[in-house]
Amino acid sequence: MSATCELCFHHCKLEDGQIGLCRARGCRDGVVVPLNYGKLTSLALDPIAKKPLRRFHPGSLILSVGSFGCNLRCPFCQNHEISMAGDSGIPTVEVSPEQLAAQAAELVPHGNIGVAYTYNEPLIGYEYVRDCAALVHEQGMVNVLVTNGTVEEEPWRALLPLVDAANIDLKGFTPSWYRRLGGDLETVKRSIVLAAERCHVEVTTLLIPGENDSEGEIRELARWLASISPEIPLHLSRFFPQYQMLDRPQTPVEQVYRLAEAARGYLSYVYTGNC
């Protein structure tokens, strides 16, 4: 038996027992199932500014959770140990949605405001995020997504009522760059537009020297974001050599500042990161 995963644009067609490109979804008895459901690789109480979210409950803390797998193949991934891992590639801890919501509630006296789904790509564990998010809302807490936005429209629309804030990676503004990462620019743009209609949205772009750091591209990106709302915060982050891009130089600090100044011609809130 075979099945096609409809969660993202890759539409992996899987034979029984096969695992998708993301390494976290597979075909079992003719049905696509999340192999990383409730399997956590990371669990920490983080400042919300680390997500990064600068204009959503500033100064607060949030319980941050991650699993394994990703539906992109970014050669500069800062969390590649878990994002590029599969079910047997890294130790995990089993945490049910009920246990996660209970732990989040227990941390409220310590400043916790909810749960952030982050570290790897959370949306490939869509069912777990959905189930946890519903329970977190029942407890009166918030849900935050840190995502690459590579998700089909129908599941994204279905999840957004449970999402209070999202930081979405916009990894550049050219289709060719996205193709090199195994992604699709128009899919991410659609995800940003839809999220901005339903929740608080901030956007992050990691500036890779010689790839997505031209002033023209950043101006075009900022102009497009401003067409949705000039109030959407943009985070421009400095690149450091990681994973398969160890041969690249780090982004010059002055370049980050220069591009941030260019983006401020269109957006009200532009932040620099890793500088």
Side-chain angles (χ1 to χ4, degrees), residues 24 34 36-70 77-83 85 90-149 159-169 195-196 198-204 206 231-235 237-238 240 269 271-275:
N36 64 354
Y37 190 98
K39 296 179 179 180
L40 301 187
T41 59
S42 310
L43 185 68
L45 187 62
D46 285 339
I48 201 161
K50 284 181 65 176
K51 298 306 100 188
L53 290 171
R54 289 288 296 271
R55 304 195 68 81
F56 182 78
H57 294 273
S60 62
L61 302 174
I62 192 158
L63 181 61
S64 301
V65 301
S67 185
F68 59 83
C70 185
C77 182
Q78 299 176 26
N79 289 324
H80 59 89
E81 295 90 350
I82 59 173
S83 68
I90 193 166
T92 61
V93 176
E94 295 270 355
V95 180
S96 70
E98 292 77 11
Q99 290 171 323
L100 183 63
Q103 187 166 349
E106 289 171 5
L107 289 169
V108 168
H110 300 279
N112 182 42
I113 62 169
V115 175
Y117 310 90
T118 178
Y119 301 131
N120 73 308
E121 173 48 49
L123 290 178
I124 61 171
Y126 181 88
E127 294 85 352
Y128 184 69
V129 171
R130 177 198 63 201
D131 295 348
C132 291
L135 294 176
V136 167
H137 265 187
E138 286 178 12
Q139 298 266 21
M141 296 176 292
V142 303
N143 293 297
V144 167
L145 273 174
V146 182
T147 175
N148 61 31
L159 184 64
L160 280 172
L162 296 172
V163 178
D164 299 284
N167 186 295
I168 301 176
D169 277 339
R198 297 303 301 265
C199 69
H200 177 87
V201 172
E202 303 193 16
V203 170
T204 296
L206 182 68
E231 303 299 303
I232 295 177
L234 173 64
H235 301 259
S237 292
R238 187 185 184 204
F240 288 93
Y269 306 107
Y271 302 101
T272 55
N274 298 337
C275 292

Gap between atom [atom2] of [Y] and atom [atom1] of [X] - 0.5 Å precision:
| X | Y | atom1 | atom2 | value |
| --- | --- | --- | --- | --- |
| His200 | His57 | NE2 | NE2 | 9.5 Å |
| Ser60 | Asp46 | OG | CG | 11.0 Å |
| Asp131 | Glu98 | CG | CD | 8.0 Å |
| Asn36 | Phe68 | CG | CZ | 4.5 Å |
| Leu43 | Leu100 | CG | CG | 7.0 Å |
| Leu135 | Ser96 | CG | OG | 8.5 Å |

I'd like to check [X] versus [Y] (side-chain heavy atoms, cut-off strictly below 4.5 Å). Are they in contact?
| X | Y | answer |
| --- | --- | --- |
| Thr272 | His235 | no |
| Ile62 | Leu45 | no |
| Tyr128 | Leu40 | yes |
| Thr204 | Ile168 | no |
| Leu159 | Val129 | yes |
| Lys51 | Leu53 | yes |
| Asp164 | His137 | yes |
| Thr147 | Asp169 | no |

Short question: side chain of [X], backbone of [Y] - any donor-acceptor pair under 3.5 Å?
| X | Y | answer |
| --- | --- | --- |
| Asn274 | Arg238 | yes |
| Ser67 | Lys39 | yes |
| Glu202 | Leu234 | no |
| Asn112 | Leu63 | yes |

Where is the tightest heavy-atom contact between [X] and [Y], given as atom of each residue plus distance?
| X | Y | result |
| --- | --- | --- |
| Ala101 | Gln139 | O-NE2, 4.1 Å |
| Gly114 | Met141 | CA-CB, 3.7 Å |
| Ser64 | Thr118 | CB-CG2, 3.8 Å |
| Pro91 | Thr41 | O-CG2, 3.9 Å |
| Cys77 | His80 | O-CD2, 3.2 Å |
| Leu162 | Arg130 | CD1-O, 3.7 Å |

Step-by-step side-chain contact (heavy atoms from CB on, under 4.5 Å) determination, Val146 to Tyr117: CA-CA 6 Å; Val146 182; Tyr117 310 90; over 6 Å; no
Derivation of the side-chain contact (heavy atoms from CB on, under 4.5 Å) call for Asn148 and Cys70: CA-CA 9 Å; Asn148 61 31; Cys70 185; 3.7 Å; yes
Cation-pi, Tyr269 ring and Arg55 (6.0 angstrom, 45 degrees): yes
